[in-house]
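Take a look at the structure set out below.
Positions are given from 1 along the sequence.
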Amino acid sequence: MKKRIILRILILFFICSLSINLNAESLLSTPHAFPGDILTAVVYQGSDEDEILFMLKDEKGVVRSNAPGLHFEMEEVPGNSYIGLLGLNSDLKAGNYKLRAEIRNSGGLSVYERPVLIRSRDFKTEDIPLNQEMTSLRTDDSEERRDQARRLWALLNRRSEAAVHSKGVFLSPVKEFIMTSWYGDRRTYVYTGGEKASSLHNGIDMAADTGTEILTPLEGTVVMVEDRIITGNTVVLEHLPGVYSLYYHMDSVNVKLGDMVSQGDFLGTVGSTGLVTGPHLHWEFRVNTIPVDPERYLSRPLIDKDEILTIINDTKERS
């Protein structure tokens, strides 16, 4: 028994020697964020062999978002820098969270942590009565629908390290439209039999006439073109590793799998395919699988260089 206790102590000592908590100034971010935002985490002045995993943990230590480090360069910041784009889901509760960076290199494992405050945000609620046809679609439990869901989820979990197309500001994919549903809406579907089902709306709905042009908001690669049971004619673009935009219910599609598209390219047209109550484009934005608010990135860059420099300079002034 005594030998076992000594062995456990030695193993614990070995683990602790690999995992060293360093000061919070080595890991940077904005001090607060809102559900639906992308929390940008920064580690700068690192080495080119670093492999970094960023994560956001709640007060119970549960990981609510994570992102592998993405190497980036800026003239104003010498040395190797890494950012992590952490999507914040609409159902993330307000409170104190811990941002953590685990850095692995030939020297072992280093751990950096700092506090982050998630503020509260209000979302709309809506009831959506469905006719018999839409009720049948919404309650479809076929193997085909499950297979479609598995393929999309597998794609969103994939990261193409070569997919570094653009870090700029999104353009609206539809020029003239009426917003009919917002990101984070708390929806209740009412079926013809009176039963109800709740869900979160993970994108925005842009209502326009069938045939209205949909333009590419930001450079990317076409990684899915598919006619799906619920989302109808669907296109998915990858803009950065693990950063995707999704386009549902299209009437026509003007791109094919593997195409490289530029900002402003003709992507297809607005339609009413799949589960809809009228013609519109459902536009969704996912960051490392987490749905975030696409409206917020119509006015700010995907990777906000000015925000990163402000974070670094503010930290230097405080130290």
His249 vs Asn233 side-chain heavy atoms within contact, under 4.5 Å
no
Under 3.5 Å: donor-acceptor pair, side chain of Asp259, backbone of Lys256:
yes
Trp283 vs Tyr247 aromatic rings, parallel, tilted or perpendicular, using cut-offs 30° and 60°?
parallel
To the nearest 0.5 Å, atom CD1 of Ile230 lies from atom CG of Leu137 at 5.5 Å
Answer yes or no: is there a side-chain heavy-atom contact under 4.5 Å between Phe266 and Glu213?
yes
Looking only at heavy atoms, the pair that brings Leu246 and Tyr248 closest together is CD2-OH, 3.3 Å
Whether the side chain of Arg300 engages the backbone of Leu298 through a donor-acceptor N/O pair (distance < 3.5 Å, no angle test) should be reported.
no
Look only at the side chain of Ser272 and the backbone of Pro279, and say whether a donor-acceptor pair between them is shorter than 3.5 Å.
no
Ile38 vs Ile290 side-chain heavy atoms within contact, under 4.5 Å
no
Should the pair Asp141-Arg145 be classified as a salt bridge under the 4.0 Å nitrogen-to-oxygen rule?
no
Evaluate the criterion salt bridge (charged side-chain N to carboxylate O under 4.0 Å, His left out) for residue pair Asp127 and Arg186; output intermediate values, then yes/no.
CA-CA 9 Å; Asp127 290 345; Arg186 275 49 179 162; over 6 Å; no
With a 3.5 Å distance limit and no angle check, can you tell me whether Thr212 reaches the backbone of Asp209 through a side-chain donor-acceptor pair?
yes
For the CZ atom of Arg158 and the OG atom of Ser160, what is their distance to the nearest 0.5 Å?
7.5 Å
Value for OG (Ser136) from CG (Asn131), rounded to nearest 0.5 Å, stands at 8.5 Å
Check: Leu88 and Val287 side chains under 4.5 Å, non-hydrogen atoms
no
Residue pair Glu307 / Thr30, side-chain heavy-atom distance below 4.5 Å
yes
Just verifying a value: how many Å separate Leu267 CG and Leu237 CG, rounded to the nearest 0.5 Å?
5.5 Å
What I want to find out is whether Glu144 reaches Arg146 closely enough, with some N-O distance under 4.0 Å, to be called a salt bridge.
no
If you apply the rule ring-ring contact (aromatic ring centres under 6.0 Å, His included), what do you find for Phe285 with Phe170, and how did you get there?
CA-CA 11 Å; Phe285 186 26; Phe170 280 93; 4.9 Å; yes
Side chains of Thr192 and Gln132: do they bring a donor and an acceptor to under 3.5 Å?
yes
Please report the C-alpha distance between Arg104 and Glu51 in whole Å, then the side-chain angles of each, then the deciding distance to 0.1 Å, and finally whether the salt bridge (charged side-chain N to carboxylate O under 4.0 Å, His left out) criterion is met.
CA-CA 5 Å; Arg104 288 178 171 80; Glu51 293 183 3; over 6 Å; no
Quick check: do Leu215 and Leu171 have side-chain heavy atoms less than 4.5 Å from each other?
no
Side-chain donor/acceptor of Gln263 to backbone N/O of Val169, under 3.5 Å
yes
Take Lys93 and Glu59 through the test salt bridge (charged side-chain N to carboxylate O under 4.0 Å, His left out) and record every step on the way to the result.
CA-CA 11 Å; Lys93 295 186 184 305; Glu59 289 179 314; over 6 Å; no
Is the closest side-chain donor-acceptor distance between Thr135 and Arg138 under 3.5 Å?
no
Asp58 side-chain N/O to Arg64 backbone N/O, donor-acceptor pair under 3.5 Å
no
Any side-chain donor paired with an acceptor under 3.5 Å for Asn105 and Asp50?
yes
Straight-line distance of Glu113 CD to Arg100 CZ, nearest 0.5 Å:
4.5 Å
Any side-chain heavy atom of Val292 sitting closer than 4.5 Å to one from Asp37?
no
Report yes or no: does Tyr191 contribute a side-chain atom to a donor-acceptor pair with the main-chain N or O of Pro129 at less than 3.5 Å?
no
So, Thr273 side chain and Met250 main chain: donor-acceptor pair closer than 3.5 Å or not?
yes
Walk me through it: do Ser245 and His239 pass the test side chain to side chain donor-acceptor pair (under 3.5 Å)?
CA-CA 8 Å; Ser245 60; His239 304 282; 2.7 Å; yes
With the side chain counted from C-beta on, respond yes when Ile229 and Gln148 share a heavy-atom pair under 4.5 Å apart, and no when they do not.
yes
Under 3.5 Å, is there a donor on one side chain and an acceptor on the other for Arg187 and Tyr189?
yes
Residues Asp185, Lys124: salt bridge by 4.0 Å N-O rule
no
Nearest 0.5 Å, please: how far is CG in Leu281 from CZ in Phe177?
9.5 Å
